[in-house]
Structure formats: C-alpha cells, structure tokens
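What follows is a set of notes on a single structure, which appears directly below.
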4 protein chains.
Amino acid sequence: MSEQLRFEQKPRPIPAATHRKVLEAAAELLSGKGYPSVTIEAIAAKAGVAKTTIYRWWPSKAAILLDLFDTIGTEQLTDPATGNVAGDLKVYLKALLGLMSGTIPGEAAAGMFAEAQGDPAMKDEVCAHFSEFRQIVLNQIVDRALSSGDLRRDVDRRLIEDLIIAPFWYRLLIAHEPMSAEECERHIDVVLSGLAP
Amino acid sequence: MSEQLRFEQKPRPIPAATHRKVLEAAAELLSGKGYPSVTIEAIAAKAGVAKTTIYRWWPSKAAILLDLFDTIGTEQLTDPATGNVAGDLKVYLKALLGLMSGTIPGEAAAGMFAEAQGDPAMKDEVCAHFSEFRQIVLNQIVDRALSSGDLRRDVDRRLIEDLIIAPFWYRLLIAHEPMSAEECERHIDVVLSGLAP
Amino acid sequence: MSEQLRFEQKPRPIPAATHRKVLEAAAELLSGKGYPSVTIEAIAAKAGVAKTTIYRWWPSKAAILLDLFDTIGTEQLTDPATGNVAGDLKVYLKALLGLMSGTIPGEAAAGMFAEAQGDPAMKDEVCAHFSEFRQIVLNQIVDRALSSGDLRRDVDRRLIEDLIIAPFWYRLLIAHEPMSAEECERHIDVVLSGLAP
Amino acid sequence: MSEQLRFEQKPRPIPAATHRKVLEAAAELLSGKGYPSVTIEAIAAKAGVAKTTIYRWWPSKAAILLDLFDTIGTEQLTDPATGNVAGDLKVYLKALLGLMSGTIPGEAAAGMFAEAQGDPAMKDEVCAHFSEFRQIVLNQIVDRALSSGDLRRDVDRRLIEDLIIAPFWYRLLIAHEPMSAEECERHIDVVLSGLAP
DNA sequence: CTATAACCGAGACGGTACGTCCGGTCTTACG
DNA sequence: CGTAAGACCGGACGTACCGTCTCGGTTATAG
C-alpha cells in the first residue's frame, strides 16, 4: 500500500511537445491580441491541441499563464552579486522591469493577477509564485546586506522587502504607470538611505 | 423670449432610485456570495431593474463597482489633521485598512482591479479613481509635512507617496496578506524615519 | 367656421402631419432596408415622432402597414370595364401585379401577412383588407361576367374568384416567384376557358 | 430517397437524441401555446438542451420548423395512384388538408412562412421545401394524367399545378379560411373540367 | 387674454428573446 | 491506451425592440 506513494511523488510528467505547444500558443495570443483573447478555447485551437488535453495538465487558465511566466522568468533573473547592495538592488529591479516590460510577461502577470481574484486556491498559487519571484533573488541580496551590516537590523525583514518591491508592482499592476529605469534607481537610493543603519 | 440654446448637453444624472437600487444590489451580492457572483444579470435581478437600464447608465460591471466604491469610500476617508505627520498617516492608513477590510469594498476593489485588465479605457478610469483615493487625503498630509519641514524636500513627491501607499495596496491586492494595524504603524515609522530631513 | 369640428362622434382624427410623416417613414424603411428593418422604433426615429404618438394612433405595426397599403393601393386599382371579361381580368391582374411589384407595397403585403400570424385580431383585420382588395374590383368584373353569361353559373362564386386570384397571391407571397405579365394573361385565358359555360 | 454519402460528405448528421428532443419540444410548444410561444429559448428549455446546441444544428427557428414540417409531412403524403386523376387529386388534397388541419403543422406552416419574410436565404429554403411538398406527389399525379391524356397538354405544367394547389394554400395561409373537404372536391372537379382535353 | 387641456418630443423603464462566447465535462474514433 | 476532435449543458454577455410610463413644452381653443 505504501509502495504506491513512492511513485506518486512525481505524478505529472507533462509531455514535452504538448507543454511547448500550449505555452507557445498562450504566448502568441498574449503578445498578439492581448490578455482578453487568451481563452482556453483559443489556446487549444492555436496549439492544435484538444481542450481535454489542456484540462488534463493544467487546472485552469491561470495555471498556464503561471507556467508560462515561470518558464520565461526564471532564466532571466539572477543574483547580480556585485558586492554592493544598492547596485545589486538596482540591477535586480531593472532586470525585473525589463522582464515585465515585454508584452508577454507583462500581460501574463496582469492577467494572472486578475484571474486570481475570486478563486482562493488560485490566489494562493499565484501569490506563492509571485513571492518566489520576489524572494529567490531579493532574499539573497537582502540577506547579504543584513549580514554585511548595510541594512538596519531593527526593521522587520518583510517590511524591508515590501518597501523595496511594493512600489514596483504597485506602479506596474495597480497604477499602470510602470517605473522607468531612472525611477527604479532613485527609488532604491531613497529606500536605502532610509534603511541604512 | 429667446430660444434655448442647447449647445450645452449636460448628461442626465442617473435617477436616484435606480442608482440606489443597483448599488445596493451590487453590495449585497458582493458581501453575500462574493465577487464572482456579481454579474450584471444578477444585479439586475436583485435590484428589480432591467438589464437595459443598467447598460444605459453604466458602461460595464466595473463601472458599477467603481461607483459603489466611491459612494462608500469618500464618506469614510477624511483628513485627520492631528498636527503630526506620523499620526496623520497612521490614522489615514488604518482608516483605509478598516475600509478595505469590509467585505464589500475589499471585494469590490479586487474585482474592479481584475476587471480593468484588458480594457484600456476601464483601466484608466479605475486608475484615476484609485489615484484620487490615494491623493485627496494623502496629498493634503504630505503637503503639510513638506511645508512644515517634516519631510525631505529633495525627494520626488510621487516617490514619497508611493513609498507610503504602495506597500499597503501591494499587501492587500497582490500579496493578499493585508497589513495589520500594527504593521501599518511600523511601516509609517520606518518610511518617515527614512524621509525625515 | 365654427361648425367645422362640430361632429365629434368619431373620436379619432389622426393629425394629417403625423399621419403623413409616419407613413412616409414606414415607406422609406420598407423600400430602403426591407421589411425586417421596419420597427416601431425605427419608424418613430425616422419620422421624428415619439413612439407614444404612434401607439396613440395605431394599435400595432401591422396597422401602420395596413394604412400604408390602403393609401397606396386604393388609388391605383379601378374597374377597367372594357366590356370583355378576359380583358377586364387581365387588366385588373396586371394592375395588381404592377402595384405589388413596387418594393413598398410588396414588402408591406408580405410583412403584414407575416405579422398577422399568431395574432387572431390582426389576422382578421388583415384578411378583411385583403378581401376588400380582391373584391371591390374583382367582384364587379365577375358580377358582370355572370350576368352577361360569360361565366358558368353552376360554380360557386367564391370558387371562381379563388381560381382567378389565388395563384396570383400564391406565386407572390408563398412561392416568391411572382407571375409575369404574360403568365397573368395565360392564367386568365386558361381559367376562363375552363369556366366558360 | 437521398442517400447519405458518409465517406465524402463532411457535415456530421444531427445526433438522433438531440434531433428528437428538439423537434418534440417544438411540436409541444406549437400545439400548446401556439406559434408565438415558439422561441429558441423555450425550445431549448423544454428540450433540456443548450441553446448553443440548437444553434449548432439549425441556423434559425424557421429551420427547426421546416425540419419538423418535413418529419411530419413526408410520412403522411403518399401518391394514392387510384388510376383516376380526379380521385388522386382529391385524395391528395384532402390528405394535405388533414395534415395541415392539425395544430402542429398548421401553426408550423404559418410560422415558417411568416419567419421566411425578410430573410432571403430562409425564403429560398422555405420555398424549396414547400415546392417539394407540392411536387413530389402532385408531380407524379400530373405526370400520369398528362401521359394518359387526361389533361390538356397545351397548358404550361406550372400553370396547371398552380391552379390545383394555389387555392388550397391561399385559403389556408392568406385568407385564413381553409377549404373544407367538400370544397376540395368541388375545386378539383372545376379545375379538371377546365383542363380536360 | 389667460387657463386648461390635448397633444406632442423625448426617452427611461421592466421585459423577452436574441445570437454569441466561453467554461468545464463527457463521448467518440483514430492511431 | 492516450489523445484529437468536438458535442454537450450551462450561464452570462451585450443588443434590439417591445409596449408602458412619466416628464416638460407647445399649441389652440374655451372661459
């Protein structure tokens, strides 16, 4: 009875061809006619794949976008590790900006976000991914800064990270006036000047 | 008697009864079965109003929520004017928190936000309303702080306001882990400590 | 000058201007975009008249068409009275053909007819008008033919008239392949050859 | 008669269950609350079928009625082939009368007819079906009569058939005073007396 | 020479049905 | 078998007209 559990640890090997076709179709639709045109039906049609197949591997439309998002995002965000907190954060933020400025991930992010409303399960999953996005690299940078003494240690870590990253997402997703590269830099400068020990 | 010059076309106001019935229905649905249950059909049914009537006065579902949002919001957010920047901001932020914690405006905000994606016109309108929300009171507080010398004047005003307000919305709408009242206070403290002259 | 409006026993004198504007609008719509575009709303808009006004004077859309139909029709169908049955009938039928070939009355007739289905009251009214159309002149011709001995008297009068007129309407309204003028003539010839004493 | 070419023809046949449910629902509505109550929505509801399903298989409401009409009609109108023209025609006409006197096909015919106005495509289709109705059996009878010498050969075939069938439809659909069985017989007698060689 | 009533335009209203779109499930047939 | 193709139910969409119903504003008699 327990031997089954061993094999269920990795229950989902999405066939590579299907995976690729679906994500490509979603990407094309996103960059083509924008988020509202991204429907499961359209994706299935464009990918030359049956709706059934999509539902088999992805629980919802947002899951596809999430997948797409990850695929694109993870390979472009790395820890600069320049040895300088301000520099690291600026590089990181501008990389994120560059990433999100492209139609595909920008649309995908906004769409995912919208989709997540009203569906608690989806909400959690989306949040987790977003957090990961924020954390993987940001955490490392903040970690270094804290241990090297470049950041105040009397401030909650979460609060620090929010101060750094929140304005970015706020401007991008809520105010719909994304920060410019210059604003990113100034933003980091101001935040760090306030968080210096 | 001179002819009436009808060059000025002032659009008719929404009849009070209709306006009230529709917003009430929307509010009930929001607080009842949540955002996904808020459809124009459901609103029309619950309000005892024809769908056509709704479409006559509101261009979209989001417009209704926007309307609801304004109606509820504007009467609850006032300038504390305690004479103390930190105090003012804390009161303001906690008032906003209190307002957004209620199911109705919270759901409405998230829903509006989601709805705004993909429709540029709606996006602009939603942004404008959100900005107003942020600005009307926040601006006054920041104004006073700047003129009284409680805030650095070498930092872009927009950046200041974003630092104050972005984490709030980010936590509420994107991270879906709204700030607590304590976090609001600490947040203001940290931001102000960094923005003090 | 005062006795002009003395007789108010008939409560409905449709104001001439309104009457004209409405019928003209209906006619324009009929000949323009065809029967389906003839809606009360469209008529009202085109006539520059309030819907209320139309409903005040006409009980239904079909009533308007009926009115239009009468206005056009009655002035164009007269008894030829050439002294020859066949000639009379041919002239009559071809006059009717000419009348119905114009887009306006043709569309109106078909529309009226369609409209009459399902509404018994309307059905009766439409039938009455159609019958009148058929009878006023046709009756006179058949009367003369019967009394002059040009038609068999052992056949039911209704049957005779149906044989003459039914194929015309059938071809026009049901088969939608209206008789040509030549077919009208041949038709009369054949019918009369069978109905000669 | 018409053979289904399953190997060459792409369009799938309507699934039998769907077909049956929809036609039955339409028939019930027709015989129940009359033609005006026959809406696509009502049919869908009564049949327990989605509107989309109906639109998938039938282009319009009239198409459904046409279908219903055919289904009912074709199985009840057969060539009597008594060897006698007059007899054949009388049987045929009275069968048609019987068929059309039932609420369902009567209402359906009138409704279809009304519906066909204004939509040229539908008009053609309706006409084709009506013609078929008229022709399949009527043609055979007239054929026999012509070859056996029971009918004049100097008269256009179309004219002959119109003389036979037009009064029937005219009385039924236009005058709304359907022929009685006796009138059918007398009508045939008169027509044949005029068309005898 | 008003007043009063009929009539008008404008158009909002509750409704019904339309035809379309998409979501998510279930079925069929092929490879 | 898995998978493509796609039919299916359901629900919401936004639109078109329906026929009813206030609204003011204008004539145009009737007092």
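Worth knowing before you read on, the calculation uses all heavy atoms, side chains too, and leaves out hydrogens, waters and symmetry mates. The chains referred to below are lettered A, B, ... by the order of the sequence lines, with proteins before strands, and numbering in each begins at 1.
The separation between B:Leu29 atom CG and F:dA12 atom P is 11 Å, rounded to whole Å. D:Tyr55 places its OH atom 5 Å from the C1' atom of E:dG19, with the value rounded to the nearest Å. In this structure, the NZ atom of A:Lys61 is 9 Å from the P atom of E:dC22, given to the nearest Å. Rounded to an integer number of Å, the gap from CD1 of D:Ile43 to C1' of E:dG19 is 14 Å. Remark: C1' of E:dC8 and CD1 of C:Ile54 are 13 Å apart, rounded to the nearest angstrom. The distance between atom NE2 of D:His19 and atom C1' of F:dA7, rounded to the nearest whole Å, is 16 Å. Atom NZ in C:Lys51 sits roughly 6 Å away from atom C1' in F:dC18 (whole-Å rounding). Straight-line distance from the CD atom of A:Glu41 to the P atom of F:dA7: 12 Å, rounded to whole Å.
Within the 4.0 Å cut-off from OP1 or OP2 of F:dG14, not a single side-chain nitrogen or oxygen of B:Trp58 is found. At the phosphate of F:dC8, OP1 or OP2 sits under 4.0 Å from a side-chain N or O atom of D:Trp57. Not one side-chain nitrogen or oxygen of B:Thr53 sits closer than 4.0 Å to the OP1 or OP2 atom of E:dA12. Contact annotation: C:Arg56 does not reach the phosphate of E:dC7 (side-chain N/O to OP1 or OP2, under 4.0 Å). When the side-chain nitrogen and oxygen atoms of B:Lys21 are compared with OP1 and OP2 of E:dG14, one or more of them lie within a distance under 4.0 Å.
As judged by a 4.0 angstrom heavy-atom cut-off over every strand, C:Thr18 is placed among residues touching the sugar-phosphate backbone only.
In this structure, the side chain of B:Ser31 engages the main chain of B:Ala27 through a donor-acceptor pair within 3.5 Å. Side chain of A:Lys61 to main chain of A:Val38: a donor-acceptor pair is present (N/O by atom type, distance under 3.5 Å, no hydrogens or angles). Between the side chain of C:Thr53 and the backbone N or O of C:Val49 there is no donor-acceptor pair closer than 3.5 Å.
For a distance-only test at 3.5 Å, the side chain of A:Thr52 qualifies as a donor-acceptor partner of the base of F:dG6.
Atom OG1 in D:Thr39 sits 9.0 Å away from atom NZ in D:Lys51 (nearest 0.5 Å).
Comparing C:Ala42 and B:Ser60 by the nucleotide of DNA chain F that holds the closest heavy atom to each, the one mapping nearer the 5' end is B:Ser60. Of the two residues near DNA chain E, C:Ala47 and D:Ser37, the one whose nearest nucleotide lies more 5' is C:Ala47.
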Audit row: C:Tyr35, C:Leu29, side chain to side chain contact (heavy atoms under 4.5 Å, CB included) steps and yes/no: CA-CA 7 Å; C:Tyr35 176 76; C:Leu29 285 167; over 6 Å; no
